[in-house]
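See below for the structure under consideration.
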Protein chains: 2
Amino acid sequence: MPSAIPVILAGLCFLLHKPTCCSSSDILVVPVDGSHWVNMKVILEELHSRGHNITVLRSARSWYIPSDSSIYTSINVSMLEDESDREAYNKILKDVIECRKSLSFVRSFCQQHVLTTLLSKGHEILARVAGKILDDPVFMKKMQDAKFDLILTDPALTLGVILGSYLKLPMVFNVRWINNGEGHFTIAPSPVSYVPVQGSELDDQMDFQERTKNMLLYLYSVAEQHFILNPKYSDLLQRHFPPGTDLLSLQRSADIWLLRADFVFEFPRPTMPNVVYIGGFQGKKASHLPADLEDFMQSSGEHGVVVMSLGTFVSALPRDTTEAIAAAFAQLPQKVVWRFSGERPSSLGNNTLLVNWLPQNDILGHPKTRIFVAHGGTNGMYEAIYNGVPVLGMPLLFDQFDNVHRLKVRGAARVVEAKSITKENFLEALKDVLETPSYRTNMQHLSQLHHDRPMTPMDTAIFWIEYVIRNKGAAHLRAAGFSLPWYSYFCLDVALFLIALVGAFIWAAVFTCRLLCCRRFRRKIKAE
Amino acid sequence: MPSAIPVILAGLCFLLHKPTCCSSSDILVVPVDGSHWVNMKVILEELHSRGHNITVLRSARSWYIPSDSSIYTSINVSMLEDESDREAYNKILKDVIECRKSLSFVRSFCQQHVLTTLLSKGHEILARVAGKILDDPVFMKKMQDAKFDLILTDPALTLGVILGSYLKLPMVFNVRWINNGEGHFTIAPSPVSYVPVQGSELDDQMDFQERTKNMLLYLYSVAEQHFILNPKYSDLLQRHFPPGTDLLSLQRSADIWLLRADFVFEFPRPTMPNVVYIGGFQGKKASHLPADLEDFMQSSGEHGVVVMSLGTFVSALPRDTTEAIAAAFAQLPQKVVWRFSGERPSSLGNNTLLVNWLPQNDILGHPKTRIFVAHGGTNGMYEAIYNGVPVLGMPLLFDQFDNVHRLKVRGAARVVEAKSITKENFLEALKDVLETPSYRTNMQHLSQLHHDRPMTPMDTAIFWIEYVIRNKGAAHLRAAGFSLPWYSYFCLDVALFLIALVGAFIWAAVFTCRLLCCRRFRRKIKAE
């Protein structure tokens with residue numbers, strides 16, 4: 001019974017410390033589908049429990065976002081999902097695996113090119129659907145009449161940003177990626193000498209060649225933004241916004257950026273006052289597993305369990321890869337739980353359990369779990385950090401290469417290339433991570449730092465969302481520099497002026513000297 | 001009685017939420033004297049209450065830091081105070097008042113020059129005393145044997161930084177100024193297009209001329225750092241640290257920067273992950289005033305009270321200025337409380353009470369206080385913000401010009417020039433701030449934002465100090481860029497390489513074209 005006292009006290013504290021805010025505010029939410037929705041949903045649940053009314057814009061063809069929910073009202077609108085399908089990702093996976101065959105310096109550019117093709121098509125659709133919505137007077141009247149107190153959006157796709165800016169609503173981002181890069185690059189100074197660009201697979205210690213690669217990738221992303229992405233929106237923005245508005249200026253007008261990052265994972269880099277870090281905010285103490293899974297875990301004895309999952313997007317690895325993986329697993333003394341879809345590998349061992357779905361956080365938090373074989377999606381990596389489980393990374397797409405690299409340089413993960421997996425090299429890598437204690441101790445150190453925070457990331461997120469509602473924005477945290485043209489932002493006009501001034505001064509000095517010298521010379525000649 | 005419940009609960013919560021840390025850690029503190037000590041003292045009191053053992057290094061000739069204290073043990077060492085005196089500040093005040101007579105563009109440079117003279121002499125003394133300490137084997141053995149868990153220092157002076165780095169202790173800064181500028185400039189990217197340099201009296205919206213001034217002041221501060229301050233330490237650092245160490249590299253190795261800033265006051269600007277904002281951490285609810293002062297406040301009736309204080313450093317304003325101020329006060333229907341030292345002005349009115357010392361925060365928090373006439377020291381400005389009292393600023397030295405300018409652009413203060421005060425213009429300014437409601441409403445808006453935080457700044461400071469003790473540093477929050485040489489940090493080597501590459505490519509293309517053209521031309525001639 002005495003052990004109940006801290007719990008009761010904690011409950012009382014929560015009630016007492018809950019800042020009074022804007023009870024029953026109306027929040028418009030424009031989420032992104034797929035794994036991003038997982039990140040938005042947990043915040044919406046918390047906001048709902050605090051009495052806010054939530055309206056979610058979703059596609060009628062949404063993959064994960066249900067139309068009926070007890071925590072929000074949904075409105076169907078035309079969205080990216082209407083014109084694209086998930087099969088596209090398996091096609092991209094094949095292209096990326098091709099890229100991985102090139103030299104290390106070249107493959108990041110190859111992958112970036114694959115991504116550009118996807119982004120270009122995606123933003124074309126996004127600009128079209130945003131146009132449709134803004135051009136629909138009935139829908140827009142409805143939105144305006146709703147008098148939302150806030151828009152909460154994931155700016156990886158652009159509809160939320162455009163709609164929120166049009167409606168002039170206080171805006172909070174739940175963000176990791178934006179346009180063509182990691183969120184910070186849109187808002188904070190990012191010296192490419194030590195801030196690795198998305199897709200570079202670099203860290204914050206770069207030699208000359210790596211800095212050259214990083215700089216080129218950065219220039220590529222700037223060019224992509226200005227010559228490929230921005231033009232898709234120019235017509236739309238011209239019709240509905242003041243002259244000079246571009247996508248970047250709308251994005252930079254957000255009040256608070258809830259950034260799904262934590263510096264136990266990201267490399268330390270410049271940031272801004274309105275960026276709030278909530279990396280790992282979905283983390284929670286592991287719950288009990290379903291009885292059959294628990295029995296399986298316990299049956300592993302002292303050897304423990306290997307957990308493997310490749311996330312929500314990719315359903316099909318090449319057949320020979322899955323066979324090699326299954327054969328390697330069969331050689332382990334550990335048991336294996338593998339989230340798998342597709343044809344059952346013929347080389348599957350008795351120690352391996354295939355499942356359609358995993359309670360991923362709960363199984364990673366289980367004391368029998370020894371290692372997490374993962375594609376390196378952000379959510380999975382934070383769950384691994386939360387639970388202190390070392391990772392064998394097998395990145396496939398997008399940010400996954402960078403993610404596993406981040407854990408690798410900290411000694412908490414090893415990385416294998418999906419393109420060249422054989423039974424032997426996969427088994428060797430598995431055994432290495434299982435048998436070398438430093439992977440686990442390093443990951444547990446990261447985990448300890450990740451938990452050592454003054455507030456939970458979820459409480460932090462909720463505080464700042466309600467802060468923006470209470471104060472009708474957070475303009476005083478937004479830097480003024482973004483309103484300047486780029487040459488003024490970088491002070492190129494001032495530098496040119498000063499150089500011209502110094503040049504003129506030197507020229508005048510030389511001219512005067514010459515004049516004086518010549519006169520003296522002439523006088524000398526005269527005198528002679 | 002029911003009203004006691006929240007208080008009891010809050011107490012329980014505090015006990016429950018107090019992170020368990022490093023009970024009875026040993027903390028070495030190297031403070032800065034004067035108003036900076038006020039900032040350090042409140043943190044030391046809190047650390048002491050949490051059971052830490054504190055050792056303070058002080059000068060035997062310290063102005064404010066007592067040798068006997070119930071919260072710390074003190075050790076006397078040779079410090080800046082041994083070779084400088086407070087009269088120097090009155091001499092500087094005269095020089096600055098002279099500077100204020102020049103044109104707006106010029107006076108910042110003039111003031112900066114006055115400051116450089118002071119800094120140059122100060123750092124000469126500082127390097128000498130640091131050398132004495134590091135060269136004293138008995139003292140250094142004692143320091144090493146003490147096995148401190150942390151050094152907490154204000155890096156406005158350099159002894160703490162040098163000693164902490166030499167002893168390889170985890171290091172936390174309690175900082176606002178460092179070397180020759182505001183703390184951020186040493187650690188965070190600071191685009192001079194919208195980040196005003198110390199002493200510029202500019203804000204974050206600058207036209208071309210202002211950006212030019214800001215850039216020149218920035219270049220001045222860089223030159224001052226490299227050509228005036230750094231050389232003073234080169235001999236000392238060469239003898240005691242690895243080759244290549246300079247003052248900046250030691251300062252940038254601090255684990256956490258507790259920055260005495262808040263963005264209701266500072267302009268939003270880039271920051272770093274190991275910068276924690278504690279601006280206004282000394283703020284607390286006003287206590288009751290002493291009975292005689294309370295009676296004086298109440299006697300002001302509906303008109304209220306004007307409070308005036310010019311801080312701890314400057315004891316003497318020019319005689320004609322104090323006479324003009326006293327005469328202006330005498331014309332007011334308000335009562336006036338004036339913290340004053342020196343000869344009593346002959347024009348003093350019956351409504352004005354001269355006092356040697358003020359319980360400044362308590363009087364600013366009094367409901368009768370209408371306006372704060374202040375020199376613009378940081379502590380006073382945060383107390384004014386905390387209590388929502390508008391300011392009539394009369395800056396005299398250092399950052400005070402910038403401080404009052406920050407409140408002025410937010411409509412919460414008016415500024416008068418000490419050099420040109422007359423009874424008439426001072427009275428007009430007083431009446432303006434007293435009678436225009438916007439000064440008060442703007443200041444109260446800032447106050448509201450300042451209080452709207454997830455944690456108090458003091459709890460934040462304590463959390464991060466104990467965090468560094470618990471984790472023996474915070475290396476994962478320190479950016480890697482500082483280890484690069486400046487040309488690599490700015491990627492100038494990469495840029496030059498890429499330009500050369502493009503140049504070579506263009507040259508080769510032109511050369512090939514010419515070659516081909518010439519051949520065709522020659523063939524043509526031959527054919528003819």
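Quick note on labels: first sequence line is chain A, next is B, and so on, each numbered from 1. Just so it is clear, the values below take in all heavy atoms, side chains as well, and ignore hydrogens, waters and symmetry mates.
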Worksheet entry | Closest approach of Tyr467(B) to Asp452(A) (non-hydrogen atoms, all atoms of both residues) | CE1-O, 3.2 Å
Worksheet item: Of the backbone (N, CA, C, O) and the side chain (C-beta and beyond), which part of Asp204(A) lies under 4.5 Å from a heavy atom of chain B, both, or neither?
Response: both
Worksheet item: OH of Tyr218(A): more than 12 outside heavy atoms within 6.0 angstrom?
Response: no
Worksheet entry | Residue Arg211(A) versus chain B: region with a heavy atom under 4.5 Å | both
Worksheet item: Under a 4.5 Å heavy-atom cut-off, does chain A meet the side chain of Pro191(B), its backbone, both or neither?
Response: side chain
Worksheet item: Closest heavy-atom contact between Leu477(A) and Phe263(B)?
Response: CD2-CB, 3.6 Å
Worksheet item: How would you list all residue pairs meeting side chain to side chain donor-acceptor pair (under 3.5 Å) that involve residues 187-197 of chain B, not counting sequence neighbours?
Response: Ser190(B)-Arg269(B)
Item to complete: Under 4.5 Å, counting heavy-atom pairs only, tell me which of Gln209(A), Met206(A), Arg478(A) racks up the most with chain B.
Response: Arg478(A)
Worksheet item: When rounded to the nearest 0.5 angstrom, what distance separates CD in Gln448(B) from CG in Asn471(A)?
Response: 5.5 Å
Discussion item. Looking only at heavy atoms and a cut-off of under 4.5 Å, which of Val494(A), Val192(A), Leu498(A) has the most pairs with chain B?
Written reply: Val494(A)
Worksheet item: Between Ser488(A), Pro189(A), Ala188(A), which residue shows the highest count of heavy-atom pairs closer than 4.5 Å to chain B?
Response: Ser488(A)
Worksheet entry | Interchain contact, Phe267(A) with chain B, by part (heavy-atom threshold 4.5 Å) | neither
Fill in: side chain to side chain contact (heavy atoms under 4.5 Å, CB included) partners of Asp262(A), counting only residues at least two apart
Val264(A), Tyr382(A), His450(A), Arg453(A)
Fill in: Side chain / backbone / both / neither for Met215(B) at chain A, heavy atoms under 4.5 Å
side chain
Discussion item. I'd like to verify something: which residue of Pro454(B), Ala479(B), Ala480(B) has the highest number of heavy-atom pairs under 4.5 Å with chain A?
Written reply: Pro454(B)
Worksheet item: Side chain, backbone, both or neither: which part of Leu484(B) has an atom under 4.5 Å from a heavy atom of chain A?
Response: side chain
Worksheet item: How about Tyr487(A): does its OH atom have over 12 heavy atoms from other parts shown lying under 6.0 Å from it?
Response: no
Worksheet item: Using non-hydrogen atoms only, which part of Glu266(B) is less than 4.5 Å away from chain A: side chain, backbone, both, or neither?
Response: neither
Worksheet item: Where does Met272(A) contact chain B at under 4.5 Å (heavy atoms): side chain, backbone, both or neither?
Response: both
Discussion item. Is Ile187(B) close to chain A through its backbone or its side chain, or both, or neither, when contacts mean heavy atoms under 4.5 Å?
Written reply: neither
